[in-house]
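Hydrogens, waters and symmetry mates are skipped; everything else that's a heavy atom, side chains included, is used.
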Amino acid sequence: EAGVTQFPSHSVIEKGQTVTLRCDPISGHDNLYWYRRVMGKEIKFLLHFVKESKQDESGMPNNRFLAERTGGTYSTLKVQPAELEDSGVYFCASSRIRGANTGELFFGEGSRLTVL
Amino acid sequence: DQQVKQNSPSLSVQEGRISILNCDYTNSMFDYFLWYKKYPAEGPTFLISISSIKDKNEDGRFTVFLNKSAKHLSLHIVPSQPGDSAVYFCAATRGGADGLTFGKGTHLIIQP
């Protein structure tokens, strides 16, 4: 069974440009999450989808970030326009069961974003 | 304001000895705590968890202790093995929440 896959693994862009990160969850996982780790800091929750619906987007930093999950399969996270402070590693995770206390959260390898 | 704190950025332990990783939290609403392990260029993987109704949970070489009055938990690994070298993240959540609140991580280095 394939794990959570993320693309690209690393993206280097200039300030003001746009980047779109993609996440393919484990097949059959309705719950999809995005997290971000800025250099040297904690991993922070961004948002949660159940199928195609956003359930909690309380962690999204600002309106330069747009997450979508059309069709309830893969998800994209677009940053437009990118700023220097957006640099970090963006993790996607998926789970079959809803709830952060299940321990059944599977993370992808992350997409490293470097904004110059 | 950090709600989950891991005050040791790194820890070095000799192979075969006990590794103790510490974590403190400030939010008294947290009722479930998890430890994740992360290797370079990989995503975090779930290791062990504990509910706030317990004070200890054990799984093989890994034991998590919870002290609610002190808002402190610790992960014990015994005996430590070279493959345990990784970054360990402490995470917490509360009932009904979808997101985890993570600490900054502790880099554990197991010395041969």
query = Would B:Leu11 end up clustered with B:Trp35 when hydrophobic side chains under 4.5 Å apart are linked, directly or stepwise?
reply = yes
Interatomic distance, OG1@B:Thr45 vs CG@A:Leu105, rounded to 0.5 Å, equals 11.0 Å
A:Leu77, A:Ile13: one ILVMFWY side-chain cluster at the under-4.5 Å cut-off? yes
Output for pair (B:Tyr36 OH, A:Ile43 CD1), nearest 0.5 Å, gives 9.5 Å
If one checks every heavy atom of B:Gln6 against chain A at 4.5 Å, the contacting part turns out to be neither
For B:Lys104 and A:Glu42 the tightest heavy-atom approach is CG-N, 3.7 Å
Those residues of residues 107-116 of chain A that come under 4.5 Å of chain B on a heavy-atom basis, listed by number, are A:Phe107, A:Gly108, A:Glu109
When the 4.5 angstrom heavy-atom criterion is applied to A:Phe106 and chain B, the contacting part is neither
Would B:Phe89 end up clustered with A:Leu46 when hydrophobic side chains under 4.5 Å apart are linked, directly or stepwise? no
- More than 12 foreign heavy atoms under 6.0 Å from CZ of A:Phe7: is that the case here? no
Under 4.5 Å to a heavy atom of chain A? For B:Phe102 that would be both
query = Do B:Ile48 and B:Leu73 sit in the same hydrophobic cluster, where Ile, Leu, Val, Met, Phe, Trp and Tyr count as joined when their side-chain heavy atoms come under 4.5 Å apart?
reply = yes
Taking the side chain from A:Tyr35 and the backbone from B:Leu100, do they hold a donor-acceptor pair closer than 3.5 Å? yes
In this structure, would A:Phe45 and A:Leu21 fall into the same cluster of hydrophobic residues linked by side-chain contacts under 4.5 Å? no
By salt bridge (charged side-chain N to carboxylate O under 4.0 Å, His left out), B:Arg17 pairs with (sequence neighbours left out) none
query: Got a sec: does the CZ of B:Arg61 have more than 12 other heavy atoms crowding it under 6.0 Å?
result: yes
Between the OH atom in A:Tyr33 and the CG atom in B:Asp98, the distance rounded to the nearest 0.5 Å is 5.5 Å
Residues 68-104 of chain A vs ring pair (Phe, Tyr, Trp, His ring centres under 6.0 Å), sequence neighbours excluded, gives none
Among residues 53-71 of chain A, residues within the sub-4.5 Å heavy-atom range of chain B, in order of number, are A:Gln55, A:Asp56
Interface check, chain A: of B:Gly105, B:Ala41, B:Pro9, B:Ser49, most non-hydrogen pairs under 4.5 Å belong to B:Ala41
